[in-house]
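One structure below.
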Amino acid sequence: MPTMTYRQAVTEAIAAEMRRDDAVVFFGEDVAKAGGVFKVTPGIYEEFGPVRVRDTPISEQAIVGTALGAAITGLRPVAELMFADFIPVAMDQIVNQVAKYRFMSGGQFTVPLTIRASQGAGGGFGTQHSQCAESWLMNFPGLKVVAPSSPADMYGLLRAAIRDDDPVIVLEHKSLYNLVGEVDLEAAPEELGQAAVARAGEDITLVATQQMLQRALATAEKLADEGIKPEVIDLRSLAPLDGATILRSVRKTSRLIIVEEAPRLGGWGANVAALVADEGLFYLDAPIKRVNMENALIAYSPALEDEIIPNAQRIEGAVRQLLS
Amino acid sequence: MPTMTYRQAVTEAIAAEMRRDDAVVFFGEDVAKAGGVFKVTPGIYEEFGPVRVRDTPISEQAIVGTALGAAITGLRPVAELMFADFIPVAMDQIVNQVAKYRFMSGGQFTVPLTIRASQGAGGGFGTQHSQCAESWLMNFPGLKVVAPSSPADMYGLLRAAIRDDDPVIVLEHKSLYNLVGEVDLEAAPEELGQAAVARAGEDITLVATQQMLQRALATAEKLADEGIKPEVIDLRSLAPLDGATILRSVRKTSRLIIVEEAPRLGGWGANVAALVADEGLFYLDAPIKRVNMENALIAYSPALEDEIIPNAQRIEGAVRQLLS
Amino acid sequence: MDRLDKESRTHALLAMVKIRLAEEEIQNLFMANLVRGTTHLAIGQEACSAGVALALSKGDTVTCSYRGHGHALALGMSLRSLMAEMMGKESGACKGRGGSMHMTDKSIGLLGANAIVGAQLPIALGAALTAQVRRTGAIAATFFGDGAANIGLCHESMNMASVWKLPVIFICENNLYGEYSHIRETTPIDDIADRAGAYAMPGVIVDGQDVEAVHAATVSAAERARNGQGPSLLELKTYRYGGHSRSDTAPYRKPGELAQWQERDPIDILAARMYSDGELDPEEFLEIKEAIAGEVFDAVEWAKAEPFPSPQSLEDYVYAAS
Amino acid sequence: MDRLDKESRTHALLAMVKIRLAEEEIQNLFMANLVRGTTHLAIGQEACSAGVALALSKGDTVTCSYRGHGHALALGMSLRSLMAEMMGKESGACKGRGGSMHMTDKSIGLLGANAIVGAQLPIALGAALTAQVRRTGAIAATFFGDGAANIGLCHESMNMASVWKLPVIFICENNLYGEYSHIRETTPIDDIADRAGAYAMPGVIVDGQDVEAVHAATVSAAERARNGQGPSLLELKTYRYGGHSRSDTAPYRKPGELAQWQERDPIDILAARMYSDGELDPEEFLEIKEAIAGEVFDAVEWAKAEPFPSPQSLEDYVYAAS
Ligand SMILES: Cc1ncc(C[n+]2csc(CCOP(=O)(O)OP(=O)(O)O)c2C)c(N)n1
Ligand SMILES: Cc1ncc(C[n+]2csc(CCOP(=O)(O)OP(=O)(O)O)c2C)c(N)n1
Ligand SMILES: [Mg+2]
Ligand SMILES: [Mg+2]
């Protein structure tokens, strides 16, 4: 199996789907000739040419609206919004148009549309370029939202998103672009809407995504030396949310910690907690704890940014406290 | 104490603050000469004139951005966005600018800005004019969000929002405009961030807002005849969320149902549940239940709209089931 | 050059009368609470939709705003399908999910009416992109109001359509008002067509009360679009006879303004021309109107009797699998 | 008429040199990882900020984009405050919260640099509204790029400013590129100033390399704004010598393009004029540069030694009480 970065997995997934289906088109700001601001899509323009791969003006609303119009008339567009922080610029098109178009038409149209964006803190990009966007997009039936955490998942989930007949937002995490892993280029696409057990364990369940998943896994690794065995779940899909996988784990471990990069209030972690407090309440031996970004904003200063999102110590501390 | 509608309470609150402080200005689409699409602001233009009260072009982004610029330079603007469904059109300005401006400047500015909008289903306005917006705005530290449920609260909370030095989104519920209640025009403004016990009880806690609060209260009234005494909490503030009031109630009742007009995934109800599953887990004798909009979108057809948001039967059914 | 042949004129006349009579009936239904929420009529503006529709071909697409019943009927939506949708019935064009503000009919190329001002514009770009990528020769027309011309998305859409030379026709129905505000209070220029230069596209002012003028302007723009020369902006000067929506009595308009516009009624203008060209006589016209009134009556009665969607279908059409 | 007196010229020259030298140092700091994330330099564009700043008065305000160090320095931000902010130190202008993309200094009227393209425009409208309501006579200038001219908010802002006759100056620094895309690939017209007509405001093309021309154009626009005649659009034709940001080497630009623009370097142009008018000699100029280099060095060294914000202050400034 070839080994590649998370970044390359994006490129490979787009290229694979464009080869497979000539309805797939791809556009966004500086994605074509320059290969993307995060250098995520080099070579796509060269391989598929200017009709199917396009640079756009700086017009996020028009980008999404155009992608929607193309999706309902027979293409299968992949639109890039660059930093996920720019999603709000196109928010109406995403939540009032893309998510609702099929429904409002009484099923006359499907919306096979993929929107990609890059999210997350840790790079010193400041308040408006470091946010996680998953939780902003969960309250809109009609939309699917995924946040892949490994090269293999990126390849599998992005291809699944492109093939899906519903609109899917695929959130890439900036801090993972250089993460290396094995990717089976011939594998079937992943199924959307499924969480995965990233590390099996029995003492406590940690649920996380992306950068926080890495930190949760590192914590689990460290605790394993002491004989503590956390089970780490990679949520992968925010909408829909895979309750079954979470409940199965909590049933086994009786303890749940949710590790989330974004602010607690309004975050996806609350949804995981609420789900377990409903359907898995009697599995629990301890309160459901959430480790989140502080109730603040991402500051530019490294002294603050590195403190504001959950770090290894906070995760480890939460685990130890809940087990004590 | 005078009696007035929820609608009039909006007018009175704006007028009172404009009389009190000449820094308060008010603008939005058709809010001035025509008195607003929901006829919520008649007379304001006549009393305060064209410099302080303005109709705008159809430009939600510019409306919010202009209000922000005015707020950081000495005015205290009240901006209307009409249907809350249009909030996403101005989403970047709200969440990346308004909410973050003070922080990004290192405290150089305050943002005394109020944004009003009208939300909710039940009127046959269709998919893009019937949504509840509270939960879309909760994941953004820096923003405050309130959803008043009575004429008195509208008067008290809207005035508090206008006087507050932070940006506050005030969501009015369309279905409540004709609700009548007593309003003490001389009362001090309410404090932001506080839930209220709308009906005291001891058997089960119901948490709700606005239209659903009305339905929860009606359910409680009905069950009282059978000796079942629900405590009904009016959440009032979504951000911040008043955990203390909720925990105090659940400690007493040991049972919690959250009644929410909007979709479950990503809704504020998950935050209430998560809070209790953390800080109040051991008070609970039963799973935390949520009664929400179905996993669908608001349809135009009355046959669907009236089924999709929680109705009296669904609320009552949930209470009976949890108590059984 | 603008003159249409008798057959096309008759077609346009029928379309306009159908729109007029159907919308008058819709207002009644709204007052009778059979149409819920809100509804926006295009009475007075019929030449806009009829003229454009006549110039489009099969495969072309249209997007428009909540004021979309006229466009739907002009493009050929059946009265029954429209009336059922107005009443939220399962046999409506959108199975009752859409309602007045979301008249959508894929079978006639009507990709959707939109209740968010300006949101329909980029959707037309997308349809045009499909046509360009697939080389179908189709074009995409998008209708919007004078008020919508001030929303950001309008700017983004015109710019991007021009850069990509997409086969789009931007059609601004300037009826002088956005809700209750006169264009002079929200827009610093009188002619929206003047904005075309900002995007290097032709901007044409058209008499929106003259269906033949609308048709001719659309034909030129369509030709340009099909030739790969990119988008055009047409500004149709028109007027809505009624209020903005619901029970708005339009107290904000200048005295006499309505009467002045009614003197240039689009149906009357065409009928008068047909009379003088010997293509129609008043008696025939009366018959036409009565026949259409009958069709409208039939559609309304039929729709009233149709069933509502079943509550079991609540979650249908949210996702593709359903 | 465009000619400035010696004192003003000297002021402008000093400002431009300060911007140039400070930004060269910022690039070094970025490479040394003392400036994190990303940074956008305005080297080559110094006449734009210097010329405008010289035409503004106390009480006037400015908003700009992430490419804002030049505007900050031209308006009088101290080098220490700027360098400390660049490094995320507590003594930075924004207490380290903002960083390179958010240079903000209320004390000099700089209301903020914005990292969302175009988001700064309506904020200027708000400042102008305050001036209009309070009758302060102040004006608000807002800088944006050629790329930003295509975003919806730019359109909304220009339209609304014109309708309300707000005292705003829209200043487009057209440096030919938005990130890695040439304006020809994203915009169907060459001159952004041509869009002014869409909003019934004057649109003026200005040589953005000539600080005196920039100053003069700003003075006219400011006068108009203060007289209640509303906004203007100035398009400053300019060029950035460096890449868009970070380590971008700008492989996308045409060969020779950079060299051609460097021949019209804004600092050289002004210095040459001052030489020929006997207002400056090369030796003096060298001294000026050395003095400023010293200031920059001092500011950097000072900032390096300053403390970071304490983690205990993490939640400060999120809400007004804090
Ligand atoms: C984004 C958004 N803002 C505001 C509204 C409320 N609204 C509905 S129609 C309308 C006026 C539109 O005027 P115009 O574009 O001239 O179209 P007309 O109604 O005259 O056909 C407004 C402001 C909306 N639906 N969407
Ligand atoms: C809404 C939004 N879209 C995209 C970006 C990414 N981005 C940052 S700078 C830039 C180019 C802006 O070009 P221009 O307006 O010409 O300004 P310049 O950088 O040349 O000064 C882009 C696309 C952004 N920051 N915000
Ligand atoms: Mg109009
Ligand atoms: Mg540029």
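Below, chains carry the letters A, B, ... as their sequence lines are ordered, and counting in each starts from 1. In this text the structure is predicted, and so the values were computed from the model without any measurement.
Side-chain contact check for Gln97(A) versus Asn114(C): some heavy-atom pair is nearer than 4.5 Å. The closest side-chain heavy-atom distance from Pro122(C) to Gln93(A) is below 4.5 Å.
The part of Asp92(A) that comes within reach of chain C is its side chain, from C-beta onward, which places non-hydrogen atoms under 4.5 angstrom from that chain. Both the backbone and the side chain of Gln108(A) come within less than 4.5 Å of a heavy atom in chain C. For chain C, no part of Asp164(A) is nearby; none of its heavy atoms comes within less than 4.5 Å.
Residue-level contacts of residues 90-97 of chain C with chain A, in order of numbering, are Ala93(C), Cys94(C), Lys95(C), Arg97(C); threshold 4.5 Å between heavy atoms. Residues of residues 53-76 of chain A lying under 4.5 angstrom from chain C, judged on non-hydrogen atoms, are Arg54(A), Asp55(A), Thr56(A), Pro57(A), Ser59(A), Glu60(A), Gln61(A), Ala62(A), Ile63(A), Gly65(A), Thr66(A), Leu68(A), Gly69(A), Ala70(A), Ile72(A), Thr73(A), Gly74(A), Leu75(A) by number.
When each of Ala131(C), Gly99(C), Ala140(C), Ala119(C) is scored by its heavy-atom pairs under 4.5 Å with chain A, the top score falls to Ala119(C). Among Thr63(C), Ile116(C), Asp105(C), the residue with the largest count of heavy-atom pairs under 4.5 Å with chain A is Ile116(C).
Minimum interatomic distance between Ala320(C) and Asp165(A) (heavy atoms only, all atoms of both residues): CB-CB, 3.6 Å. Residues Asp316(C) and Phe103(A) share a closest heavy-atom pair of O-CD1, 3.5 Å.
How far CG of Leu111(C) is from CZ of Phe109(A): 5.0 Å, rounded to the nearest 0.5 Å. Considering CG of Leu143(A) and OH of Tyr319(C), their distance stands at 7.5 Å, rounded to 0.5 Å.
More than 12 heavy atoms of other residues, nucleotides or ligands lie within 6.0 Å of CD in Glu301(C), so this atom counts as buried by the packing criterion.
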